[in-house]
Each structure stands twice: as C-alpha cells, then as structure tokens.
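Atoms within a ligand are numbered from 1 in the order they appear, just like the ligands themselves. In this text, all values refer to a predicted model and were calculated from it rather than measured experimentally. Both backbone and side-chain heavy atoms feed into the values below; hydrogens, waters and symmetry mates do not.
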Amino acid sequence: MSSFPVHNRHRRDFLRTALGGALIAVAPVPRGIAATTGKHQLLEARPAQAALLGPPDQLTEIWGYGGKVPGPELRVRQGESLKLRVSNKLPQATSVHWHGLRIANEMDGVAGLTQAPIQPGEFFDYELTPPDAGTYWYHPHHQSAEQLARGLYGALIVEEHEPPPVDRELLLILDDWKLDDHGQLNIASFGNMHDASHAGRMGNWPTVNGVHSPSYPVQAGERLRLRLINSANSRIFRIDIEKHTPSLIALDGQPVRPRSLPAEGLWLAPGQRADLILDLSGKPGEQAALRTYLREGAYTMANFSYDSEQRRRDSPLDAQIALPANPLPSRLELGGAHKAALLMQGGAMGSLRSARHQGQELTMRELVQQGMVWAFNGEAGLPKVPLLSVKRGQAVVVDIVNDNRWPHAMHLHGHHFRVLARDGQSVDEPDWRDTLLMGRGEQVQIGFVADNPGKWVLHCHMLEHQAAGMVTWIEVS
Ligand code: C2O
Ligand code: CU
C-alpha cells in the first residue's frame, strides 16, 4: 500500500494535530433529511465546498449529497420502507446505488442496467424496503470512479428491532482524497490508465466523516458501537484501535459470530463495512488512535479522546454482544447448485494480451485506447450476455480465480454470499459478505442462493478497476 504524502503546505498543521495541540470536537454526521417532497425525502446531489483541509485553510470544491460529505445518514427500521427523491444538480448524469441492500432490482440504481442515468436537472424516486438490519451505504453507480472521488457517498443504517445495548453509536466513514497543491481535487488524475492498471487511484489526504484527523470525545467506561465504512475508491484500510480490543459483530451489514479483531488488524476493502463493539477501557484524559497500516507503519486516521470523567455504571459491561440474525439461512443448501467460473485477468504485469470489448476482439494496446485494461473471462466491460442466468431460488457456486498481480474487492449486488473454499481447500466461513477482498493469485469459491429476481452486477469495487473493465452481471428470472 502506498503512503499518504502530506503536502508541504499543510505539514505544519498536520504536525500540530499529530502532536495533540489542537483538539477539534467534531460535529456528528447530520441525521435524516430536513426537506421532504410529498412522501419522498429529498436527496440532492450537488456541487459544494467542504473543509477537508480543516480551518483556517481554504475550502475544497466537492460534490455532495445535500451539499455535504458524507451525505446525510439515512436511517430506516428493518422491514420498513424508505422513499427518496434523488435530484441531480450536478453537471453530469448520475444514479444512486444502495450498497449491500437486498432490495427490488429496479431500485438498485445501476445506470445502463437497471435504470437510465438521471440527467442533470432531473430526479428519480427510489423506494427501498431493506430486509436486513445493518450498516450499508449509498453512492452513485454512473461514472462511479469520478463521482465517489468527488464526495458523493453516505451511510444507510437499517436499525434492528431490538438494537444491542450500547451507550451510543459512532459512524466512521473512511476515505482518502487525492488533492493537488492548492488543496483542490486532483481532477487531472480521473481516468488515469496507470492508476487503473495498478492498485487504483490512491489518495494523499485521508479523512474520517469528511474531516482530516478528527478527534472524537469519549468517556471512560462507555460502550460504543462503531460502524465502519470504507468509501475510498481503491484504498484498502487495515484498521485497529490503539490499546483497545474491540469485538467484531458484523461484516457488510450481516451479523457475525462475535470475535476479536485479527492480530494484524481488520482488513477493510473498498465497499466493505464492519460493526465493532468498543469498550472504552482507558482512563480519563487518555487518547487512543484509530490506526491504519501503511508500508511505513502505523498511521493515525482519528483519535478517541477521553474526557476527565469516569462513567458510572450500575452493572459491569456484558462480556459480549451479538446481533440478532437477519433473514438469511444459517445453512446454505447447495444441492444441485448451478456452477460458474470467473477468471479475473489483466492489469500491469499481467498476461492478458487481448480481450473482447463491445463485441470486438481487441489487443491490449487497443483496449487501453478504449480505457480498458482488465477482463473477466476474456471480456472487458459489461458484457451483453450475463455470467450466469438462473431461475429464482437456484443455488449458485462461482469459482473465482484472481489471475493477475493485484488485489481486488469483488462485489455482488442484491445478494450476500459465503466463501466455500480458498485456493482449492474447503473452508468453514459462516460470514455473509457482499464484498470480498481477494489477494493476488488467490482462488475462492463462493456460494449463494439466487433468490432476488433481476439483473445484478458483479464487479471490482476498486472503482478504477471497474471503470477499466472489471464488471459482469448475473440474471435471476
Ligand atoms: Cu458499492 Cu456496484 O457498488
Ligand atoms: Cu480490482
């Protein structure tokens, strides 16, 4: 992973914060939306400015939902419906995808597959009834690489009917921005084929909830539920919390058997989410860093700053919290499963020499001229024919081979899946995922029941890889 080179201009501010000089109390992400139109809440995508550099530096021009980054935190009770009117005030067409929700296909927001793009000045009404509680998020699914990099994303929280007993929740959306020397978005790098053929577009300015190096006030003795979302275009964060041992209770929105984080930290690929229980076991006045790991070592993304009080509790904290199950089977019945194979090819230092693109076989040089450098099963970009076409209720097993030199974050829409085997060995991984991090050369076998009718994309969530060819789809009838 590459580092976060901090601009010279900001190094002094950066050091001041790093040395603990200025404690910035961070406003929580705005909840809900004030404006409503009839029964629909209004979600407006528009150009805006954000204090990414932090005061007193100048503002950065961004695009945001409701003019903010992150956009408003949307909340709905499990099984209830959310109606949103997405109004496009951008100079570009857009759409909104509700990442991880197993909802009706016509609401999935994939421009060119499930709906026409929303043109500038127009709107589209979405109605979502999420079956699963958990931590989800929303973002464009049209020119996604550019539109997410500009700041279009937000959290979508589906509340359990009986939420776990915590003192409070804290949402942490991790991003990395690529800024120029003036603190503005590095626009020239959009569509850069070097980034696309390597690890994707890496930023140089990390933020949590749109703030660089924020500090979150906490109290000793508190129990928090953290909801982590990786909204970065391509950066994989490896996360831990200094001096603390949080427990992992959900991945990609779905409850998991509660467990401690891996010793090396929690890998969070683009698009992935994790829910943690964090017991504030430190002492009043202490600080603890939320860290990610770069090649050079630990890097502080944010701090938890203990205030001077100890929270008084009537009873000690319970050992472990587990979330109630979502309506997914505890056993995956794979008898008579439909089998498919997916070969992931291309990229720098790869062996791909040619691939089909829009019906033509093109050499690598010709592909690059079309902005393509990756292929699935010899085809670059969304194919006409789906990877697989099955009847509703059919069990499906897909063998995925990452035959290239780069890690990828494979995301399937409309379904969660399980990993059945890794590198040919069957594994017992009961976690349901919607986005899976695959290492270079890795082979995995995933399984799921195709129980949601419609056309669903399967793509790499490293958005430059998706834009440069890593996308296919499945059809459930
Ligand atoms: Cu989070 Cu197809 O996207
Ligand atoms: Cu990828």
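In this structure, Asp434 and Arg273 have side chains that are in contact, with non-hydrogen atoms separated by less than 4.5 Å.
Of all heavy-atom pairs between Leu42 and Ser87, the closest is CD1-CB, 3.9 Å. Across all their heavy atoms, Ala325 and Pro255 have their closest contact at CA-CG, 4.4 Å.
Of all the N, O or S atoms in His465, the one closest to the Cu ion (ligand 2) is ND1.
Each of Leu294, Thr292, Asp175 was evaluated against Arg235; a single residue qualifies, Leu294, per the side chain to side chain contact (heavy atoms under 4.5 Å, CB included) test. With Ile474 as the fixed residue, the side chain to side chain contact (heavy atoms under 4.5 Å, CB included) test singles out one of Val390, Val396, Val457, Leu412: Leu412.
Residue His99: an N/O/S atom is found under 2.8 Å from atom 1 (Cu) of ligand 1. Because the distance cut-off is set at 2.8 Å, His411 fails to qualify as a neighbour of atom 2 (Cu) of ligand 1, as none of its N, O or S atoms comes that close. Residue His141: an N/O/S atom is found under 2.8 Å from atom 2 (Cu) of ligand 1. Taking 2.8 Å as the threshold, His413 counts as a candidate ligand of atom 2 (Cu) of ligand 1, since one of its N, O or S atoms lies below it.
The environment of CD in Gln360 is sparse: at most 12 heavy-atom neighbours from other residues, nucleotides or ligands sit within 6.0 Å.
Angle subtended at the Cu ion (ligand 2) by His408 ND1 and Cys460 SG: 130°, rounded to 10 degrees. Angle NE2(His461) to atom 1 (Cu) of ligand 1 to NE2(His139), rounded to 10°: 110°.
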